[in-house]
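Down below is the structure, laid out as structure tokens.
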Amino acid sequence: MSSTTTTTAQPPALQKVSPEHLRKVVGASFAGTVVEWFDFAIYGFMATHIAATFFASDDPVTGLLETFAIFAVAFALRPLGGIVFGRLGDRLGRKKILIVTVLLMSGSTAAIGLIPSQESIGIWAAVLLAVARCVQGLSAGGEYAGATIYTVEHSPDHQRNRYSSAMSAATFVSFALAAGLGALLSLVLPLEVMDEWGWRVLFLLSIPMGLVAFYIRSKLHESPEFEAMVKDSANRPTLSLREVIDSQWAQMLKLGGFVMLTALSFYIFSTYMATFLTQVVGVSQGHALLSSLVALLFATGLSPVMGRLSDRIGRRRIMQISAGLLTVLTIPAYMLAELGTLGSAMASQLLIALGAVSANVVTSVLISEMFSTDVRYTASGLSYNVTYALFGGTAPYLATWLVATTGNTLAPAIYVTVVAVIALMVVSVFVRETAGKPLRRFHDDPVQP
């Protein structure tokens, strides 16, 4: 037993997972991730209708800022969710927590679709919206990190990003689903009907989606890597949260130094661009959502390609490529968007997608590879969610504020470019290659060179 905890040699538990079972694991993680990100996506895509329903303002920009402020509130709770569910996940197992998070997420999302308007109950409408978003944020703090960890802990060492890229694909397909349904509703229903009740339909869809994800996840077993860690840790004390942070802070900072770009590029690409096209450029909502749908479907298809490429050429190269693409292409993409046609809108979003997808895919596997099994859920959940709160949750708000304050429509693109340059420096100097190396089981196991 002691030899297992003092060497990097791992039992071949991961390689013994059958292809059929691995497909079920990926499917279960995929389903829950779709529910999680669909819920966040529809909030962004329906921002103008939410602003009209819950915030009384004659200035549409003010209403949008208030709506995006509530959007950011959910991200403020994600670090707490990362801590709570991360600690439970490292102690009780991945599967149990993933069942809880998907139920919380679908329930809180459905609640948003049932909250009365500001006209009916006054300020309590905004308060209830904030409460529902807080529950969403709490559950999301444990969902994505847990789903990717659960998948990676079942995957062969040389194909980890191939399988974890399914979680990235899930995030994009969920946004594509939200954009497609939003575009369909906006084309079928008059604007006044969308403002009154049409947008609520999308939120209520989370009920059947959540029940399906719950059913799929409830049929699975715990990850073999976690079970092996529990068996080998019989004589080891459980680390406190402070001990986890003290031992992992350097790795957490390194992960956060790249996740800031993943978070910012994802929400600038998937959420804010639709608002930018309609509110700043003047594109119709139907065309903006159609453009987003095409770009998101492209991102979904690109995800497994980037996952396989990452397994082949390494994590550091993919991180450098993604940061480089976002540095070079974001400003030209926004300049294209300002042309105001459907074609230019699509072209702009496809350009940003190249870097955003690459960053998202490699992040899905870094969450697991940068930490050992005994602290993986806690350390990655905390680092990932704090960074997402700072750079992802604030992205639509800051982008809207930057344009309104500076009068420069390229201000959001400049912001992304600056963060991309910083992330490129962090990766090039501080991040070590992790592709193909065995997952460490305990935090004090030696790191392979």
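Values reported hereafter were calculated over all heavy atoms of this structure, with side chains retained and with hydrogens, waters and symmetry mates removed.
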Could you give me the CA-CA distance, side-chain angles and deciding distance for H49 and R200, then say whether side chain to side chain contact (heavy atoms under 4.5 Å, CB included) is met? CA-CA 10 Å; H49 302 297; R200 296 179 183 272; over 6 Å; no
So, for A359 and T262, which heavy atoms are closest and what is the spacing to 0.1 Å? O-OG1, 3.5 Å
Test the R133-Y43 pair against the cation-pi criterion, namely NZ or CZ under 6.0 angstrom from the six-membered ring centroid and within 45° of the ring axis. yes
How long is the straight-line distance from OG of S174 back to CZ of F30, given to the nearest 0.5 Å? 8.0 Å
Do I422 and F258 make a side-chain contact, defined as non-hydrogen atoms from C-beta onward lying under 4.5 Å apart? no
Taking side chain as C-beta onward, heavy atoms only, is L241 less than 4.5 Å from R87? yes
With side chain to side chain donor-acceptor pair (under 3.5 Å) as the rule and sequence neighbours excluded, what pairs involving residues 207-220 come up? E143-R217
With side chain to side chain contact (heavy atoms under 4.5 Å, CB included) as the test, would you mind laying out the steps for E222 and Y150 before giving the verdict? CA-CA 8 Å; E222 188 51 73; Y150 187 68; 4.2 Å; yes
Given 3.5 Å as the limit, does a donor-acceptor pair link the side chain of S291 with the main chain of M346, or not? yes
More than 12 heavy atoms from other groups under 6.0 Å of CZ on R316: yes
Can you tell me if S29 uses its side chain to pair, donor with acceptor, with the backbone of V26 under 3.5 Å? no
Listed once per pair and sorted, the side chain to side chain donor-acceptor pair (under 3.5 Å) pairs that draw on residues 350-359, sequence neighbours left out: none
Side chains of T373 and E225: is there a donor and an acceptor less than 3.5 Å apart? yes
Got V259 and F391 here, is their nearest side-chain heavy-atom distance under 4.5 Å? no
Any sub-3.5 Å donor-acceptor pair from T101's side-chain atoms to I97's backbone N or O? yes
Are the side chain of N385 and the backbone N or O of L80 linked by a donor-acceptor pair below 3.5 Å? no
Considering all heavy atoms, the nearest T275-T278 contact: O-OG1, 3.1 Å
Is the shortest side-chain heavy-atom distance between R78 and Y384 below 4.5 Å? yes
Distance-only, no hydrogens or angles: does the T330 side chain make a donor-acceptor pair with backbone N or O of T327 under 3.5 Å? no
Is there a side-chain contact between T53 and L129, using heavy atoms and a 4.5 Å cut-off? no
Distance col, row L104:CG vs T109:OG1, nearest 0.5 angstrom, shows 10.0 Å
Of all the heavy-atom pairs spanning M273 and A337, show the shortest one and how long it is. CE-CB, 4.1 Å
Give the intermediate values and the outcome of side chain to side chain contact (heavy atoms under 4.5 Å, CB included) for residues L114 and L204. CA-CA 8 Å; L114 298 173; L204 295 176; 3.8 Å; yes
Working note: R376 + E153, criterion salt bridge (charged side-chain N to carboxylate O under 4.0 Å, His left out); need CA distance, chi angles, decisive distance, verdict. CA-CA 11 Å; R376 183 170 295 134; E153 289 182 349; 2.7 Å; yes
Stepwise ring pair (Phe, Tyr, Trp, His ring centres under 6.0 Å) test for F175 and F266: CA-CA 11 Å; F175 272 75; F266 182 86; 5.0 Å; yes
Examine the side chains of Q349 and S292 and answer whether a donor and an acceptor come within less than 3.5 Å of each other. yes
Hey, what do you get for CD1 (I42) to CD1 (I112), rounding to the nearest 0.5 Å? 7.5 Å
Using the test salt bridge (Lys or Arg N to Asp or Glu O under 4.0 Å), find all partners of D374 that sit at least two apart in sequence or belong to another chain. none
Go through the side-chain N and O atoms of S168 and T171 and say whether any donor and acceptor fall under 3.5 Å apart. no
Main-chain N/O of A345 paired with S348 side-chain donor or acceptor, under 3.5 Å: yes
Is there a donor-acceptor pair closer than 3.5 Å between any side-chain N or O of Q248 and the backbone N or O of A379? no
Between the side chain of T378 and the main-chain N/O of V375, is any donor-acceptor distance below 3.5 Å? no
Taking atom OG of S364 and atom CE of M306, what is their separation to the nearest 0.5 Å? 11.0 Å
Grab the two heavy atoms, one from T148 and one from S368, that are nearest each other, plus how far apart they are. O-OG, 4.1 Å
What's the separation between atom CD in E36 and atom OH in Y144, rounded to the nearest 0.5 Å? 8.5 Å
N360/T363 under side chain to side chain donor-acceptor pair (under 3.5 Å): CA gap, chis, key distance, verdict: CA-CA 5 Å; N360 196 276; T363 296; over 6 Å; no
Please examine the side chains of L290 and L342, heavy atoms only from C-beta on, and report whether any two atoms are closer than 4.5 Å. yes
4.5 Å side-chain heavy-atom contact, K95 and H221: no
Is it true that atom CD1 of I123 has more than 12 heavy atoms of other residues, nucleotides or ligands lying nearer than 6.0 Å? no
Main-chain N/O of M425 paired to S428 side chain as donor or acceptor, under 3.5 Å: no
If I take atom OH from residue Y272 and atom CG from residue L398, how far apart are they, to the nearest 0.5 angstrom? 10.5 Å
CA sep, side-chain torsions, deciding dist, call: S372, L439, side chain to side chain contact (heavy atoms under 4.5 Å, CB included): CA-CA 7 Å; S372 56; L439 295 174; over 6 Å; no
Is it true that atom NE2 of H21 has more than 12 heavy atoms of other residues, nucleotides or ligands lying nearer than 6.0 Å? yes
Criterion ring pair (Phe, Tyr, Trp, His ring centres under 6.0 Å) on F54 and W199, from CA distance to verdict: CA-CA 13 Å; F54 295 113; W199 64 270; 5.7 Å; yes
Under the criterion ring pair (Phe, Tyr, Trp, His ring centres under 6.0 Å), I'd like the reasoning laid out for F276 against Y334: C-alpha separation, chi angles, the key distance, then a yes or no. CA-CA 9 Å; F276 179 82; Y334 268 72; 4.8 Å; yes
Determine the minimum heavy-atom distance between F371 and I367, stating which atoms define it. CD1-O, 3.4 Å
Under 3.5 Å, is there a donor-acceptor pair between the side chain of S165 and the main chain of R162? yes
Do other residues, nucleotides or ligands put more than 12 heavy atoms under 6.0 Å from E192 CD? yes
Taking atom types as modelled, is there a side-chain donor on S117 or S120 under 3.5 Å from an acceptor on the other? yes
Please find the pair of heavy atoms, one from Y163 and one from S155, that lie closest to each other, and give the distance. CB-OG, 3.5 Å
Are F85 and L98 side-chain neighbours, meaning at least one heavy-atom pair lies under 4.5 Å? no
